[in-house]
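Encoded as structure tokens, the structure appears first; notes follow it.
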Amino acid sequence: MRHSKGRGRLSVPGRKVQLATAAMLLLATTVAACGGDGQDGDPTANAPKAPAAVPELTTDPLTLSFVWFEWPPAKALETFANEEYKKVRPNATIKVNTVPNANWHDAMFTQFAARKTDFDIAILDSQHIGEAVTNGNILDLTDFVKNNIDVAAYDPYLLAAYGQFPQAETGQRDENASLYGLPLLGDTWTMIYRKDLIGDKAPQTWDEMISAAEKCQTENPGVSGLAFHQANGSDAAAVTYNTVNGVYGGNLWDAKTRKIDGVLNDAAGQEAMNVLVNKMKPLTAKGSGNWFIDEVNAAVAQGKACIAFNWIAASGGLLDPKQSTLGKTREQILGKLGFATLPKQKTDLVPLGGMGMHVSAYSSAANQAEALNFMKWFEQADIQKKWAAAGGVPSRTDAIQSPEFLEAGPFNKVYAESVPRMRDMWNVPEYARLVDIENTNVNAALNGAKEPKQALDDIAKEQQGVLDSSGRKGGGGL
């Protein structure tokens, strides 16, 4: 999770989403829960293979459709692709269809379950890949990647996170594993802090950050010490807990044994939950219990937060004077706002965000060919640098380190420095159920509906039940 025209908007009105029929939703849930026909054998057996080379492309007018959630990078991608890809494929039009973040998973997987999609390229979170592969929803790109993509140009973790299944348990790429996607947008959290209120130097540890936020809140009535994601939707509250869990030395699970109960809720996990609920939550604004990306940005832009955490790809609008009370120019705003990598504590882990591109198995042959051609074009070094300059967050190492990216925004250096520190969640077909359990319980703890220990124990027990009932072995993502 995760912007020039794309980077310039704090809040984007959600587009109306046509509700799927109850039958289609039931089908989607059933397929996701059962894991498709490959559950008892090779979980990748159902995925159809893409050709090793781009097939012959049509010369007829063609619309290549993506599906993503509603946020500034979606508009940035559509604008960028129609400006740049048309230079090589003038008959192709790029359309990025969007839905509210909370509907993103179901909007894709309901159509996948029906074996018919109105999109050609699905933009999936890293954790969605296993579900899509197991159910045969996306193309196996392994041979295509070998023949068309310079894999050495990427940080191995990023290439694995946005395309590999099964995932590597260490977070590194397994060269023998299949690839089902290619990077579209990298992302992680940045710490946003008020230089004029807490000083130019960013806190270096999590404990220092909490102390600085508490002091700032005390000295500045009407300004909350912290602003962060707490909502029970998408992966909002879960990512917040997982981030704190990581910096305090906790683990989400043991991927080899698929054990969660006793790992997530061990002493380190309990300390992290206590810090989140009893030290961080009291420093947030009243009524912030369901805040997500837009609400955190609004608090920062309105001068109502001392320190905030948000996805880098969603932070560009903070520098827009039309949406900020912190200054009449970008320079004035930057005089008050600082952007830094997350503070360390017992570890230096940060959350991996971002998404990859995946070709729908149900797209027409002509559109699948166009999708493959687009992906080959998009991953070129010069195109990735242009994408970075247009507001994207690239995954190629040369683009990440390029002036086009590093000079495009004050938070881009944060991303470049954070890549070696990233940790993902569980990359398994059961992800959607696991994250719902965690969101619900973390949100309940943050809003006082559950005691922190009880909430964490409930997460561990319920998530363990999901993994145990699936009958699968192995896992990955950390």
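Sorted by first and then second residue, the salt bridge (Lys or Arg N to Asp or Glu O under 4.0 Å) pairs involving residues 80-92 (not counting sequence neighbours) are E84-K87, E84-K386, R89-E370.
With values rounded to the nearest 0.5 angstrom, K376 atom NZ is found 13.5 Å from L141 atom CG. We find the CD1-CG distance between I121 and L64 to be 4.5 Å, quoted to the nearest 0.5 Å. To the nearest 0.5 Å, atoms CZ (F66) and CD1 (I94) are separated by 5.5 Å. With values rounded to the nearest 0.5 angstrom, Q230 atom CD is found 8.5 Å from M280 atom CE. To the nearest 0.5 angstrom, S178 atom OG is 10.0 Å from F165 atom CZ. The distance from atom CD of E407 to atom OG of S402, rounded to the nearest 0.5 Å, is 8.5 Å.
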Evaluate the side chain to side chain contact (heavy atoms under 4.5 Å, CB included) criterion for residues W189 and V350: first the C-alpha distance (whole Å), next the side-chain angles of each, then the deciding distance (0.1 Å), finally the verdict. CA-CA 7 Å; W189 273 13; V350 301; over 6 Å; no
For side chain to side chain contact (heavy atoms under 4.5 Å, CB included), just list the numbers for M273 and V244, CA-CA rounded to whole Å, side-chain angles, deciding distance to a tenth of an Å, and then say yes or no. CA-CA 8 Å; M273 185 65 88; V244 183; over 6 Å; no
Steps toward side chain to side chain contact (heavy atoms under 4.5 Å, CB included) verdict (M355, L124): CA-CA 6 Å; M355 303 90 187; L124 302 179; over 6 Å; no
Starting from the C-alpha separation in whole Å, work towards a yes-or-no answer on side chain to side chain contact (heavy atoms under 4.5 Å, CB included) for Y241 and L264. CA-CA 11 Å; Y241 171 72; L264 177 71; 3.7 Å; yes
Given ring-ring contact (aromatic ring centres under 6.0 Å, His included), test H358 with Y180 step by step and report yes or no. CA-CA 6 Å; H358 310 264; Y180 298 87; 8.5 Å; no
Tell me, with the steps shown, if N310 and N297 meet side-chain hydrogen bond (donor to acceptor under 3.5 Å, both in side chains). CA-CA 8 Å; N310 219 336; N297 275 345; 3.0 Å; yes
Run the side-chain hydrogen bond (donor to acceptor under 3.5 Å, both in side chains) check on Q111 and D118 step by step: do they pass? CA-CA 8 Å; Q111 292 192 51; D118 62 9; 3.1 Å; yes
One pair to check against ring-ring contact (aromatic ring centres under 6.0 Å, His included): F309 and W291. What are the steps and the verdict? CA-CA 12 Å; F309 298 98; W291 280 16; over 10 Å; no
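Taking K344 as the reference, nothing meets the salt bridge (charged side-chain N to carboxylate O under 4.0 Å, His left out) condition, with sequence neighbours excluded. For T240, there are no side-chain hydrogen bond (donor to acceptor under 3.5 Å, both in side chains) partners, not counting sequence neighbours. Applying the side chain to side chain contact (heavy atoms under 4.5 Å, CB included) criterion to A74, with sequence neighbours excluded, gives W68, W71, V96, T98. Every residue meeting the side chain to side chain contact (heavy atoms under 4.5 Å, CB included) condition with E462, not counting sequence neighbours, appears here in chain and number order: I437, N441, D458. Not a single side-chain hydrogen bond (donor to acceptor under 3.5 Å, both in side chains) links Y162 to another residue, sequence neighbours left out.
When atom types are taken as modelled, the side chain of Q464 and the backbone of D261 share a donor-acceptor pair closer than 3.5 angstrom. Between the D254 side chain and the T257 main chain, a donor and an acceptor come within less than 3.5 Å of each other. Judged purely by atom type and a 3.5 angstrom limit, Q345 has no side-chain atom pairing as donor or acceptor with the backbone of V247. D140 places no side-chain N or O within 3.5 Å of a backbone atom of P48 that could act as its donor or acceptor partner. Checking side-chain atoms of N251 against main-chain N and O of W253 turns up no donor-acceptor pair under 3.5 Å. A donor-acceptor pair under 3.5 Å links the side-chain atoms of T190 to the main chain of A340, judged by distance alone. A donor-acceptor distance shorter than 3.5 angstrom exists from the side chain of D187 to the backbone of I312, with no hydrogens or angles considered. Distance alone, capped at 3.5 Å, places no donor-acceptor pair between the D320 side chain and the G316 backbone. Judged by distance alone, the side chain of D125 and the main-chain N or O of Q127 form no donor-acceptor pair under 3.5 Å.
The ring-ring contact (aromatic ring centres under 6.0 Å, His included) with F411 is formed by just one residue from the set Y193, F405, F339; it is F339.
The heavy-atom pair separating S315 from I192 by the smallest distance is OG-CD1, 4.3 Å. Between E131 and A432, the shortest heavy-atom contact is OE1-CB, 4.3 Å. The nearest pair of heavy atoms linking Y248 to A272 is CB-CB, 4.3 Å. In terms of heavy-atom proximity, S360 sits nearest to T117 at OG-OG1, 2.9 Å. Closest heavy-atom contact between I138 and A47: O-CB, 3.8 Å. Between L342 and P351, the shortest heavy-atom distance links the atoms CD1-CD, 3.8 Å.
Between P55 and L372, some side-chain heavy-atom pair lies under the 4.5 Å cut-off. Annotation: side chain of M425 is in contact with side chain of V239 (closest heavy-atom distance under 4.5 Å). With a 4.5 Å cut-off on side-chain heavy atoms, V419 and L352 do not count as touching. Looking at V442 and L456, their side chains never come closer than 4.5 Å, going by heavy atoms from C-beta outward. I383 is not listed as a side-chain neighbour of Y85, based on a closest heavy-atom distance of 4.5 Å or more.
Between the side chains of T243 and R423, no donor N or O sits under 3.5 Å from an acceptor N or O. No side-chain N or O of R115 forms a donor-acceptor pair with one of N135 less than 3.5 Å apart. Using modelled atom types and a 3.5 Å distance limit, the side chains of N443 and N290 yield a donor-acceptor pair. In this structure, a donor-acceptor pair under 3.5 Å is absent between the side chains of E417 and T341. No donor-acceptor contact under 3.5 angstrom links the side chains of H229 and E295, judged on distance only. Between the side chains of D120 and N367, a donor-acceptor pair is found at a separation under 3.5 Å. Side-chain contact of Y157 with D424: a donor-acceptor pair under 3.5 Å is absent, judged by distance alone. Under the 3.5 Å distance criterion, with hydrogens and angles disregarded, no donor-acceptor pair is assigned to the side chains of D60 and N91.
Between D398 and R396 there is a salt bridge, with a side-chain nitrogen of the basic residue lying less than 4.0 Å from a carboxylate oxygen of the acidic one. Salt-bridge check for K146 with E175: failed, with every basic side-chain N at 4.0 Å or more from each acidic carboxylate O.
Ring-plane geometry between W426 and Y431 is classed as tilted, the angle between the planes lying from 30 to 60 degrees on a 0 to 90 degree scale. Aromatic ring pairs are classed by plane angle as parallel below 30°, tilted from 30° to 60° and perpendicular above 60°; the pair F374 and F378 is parallel.
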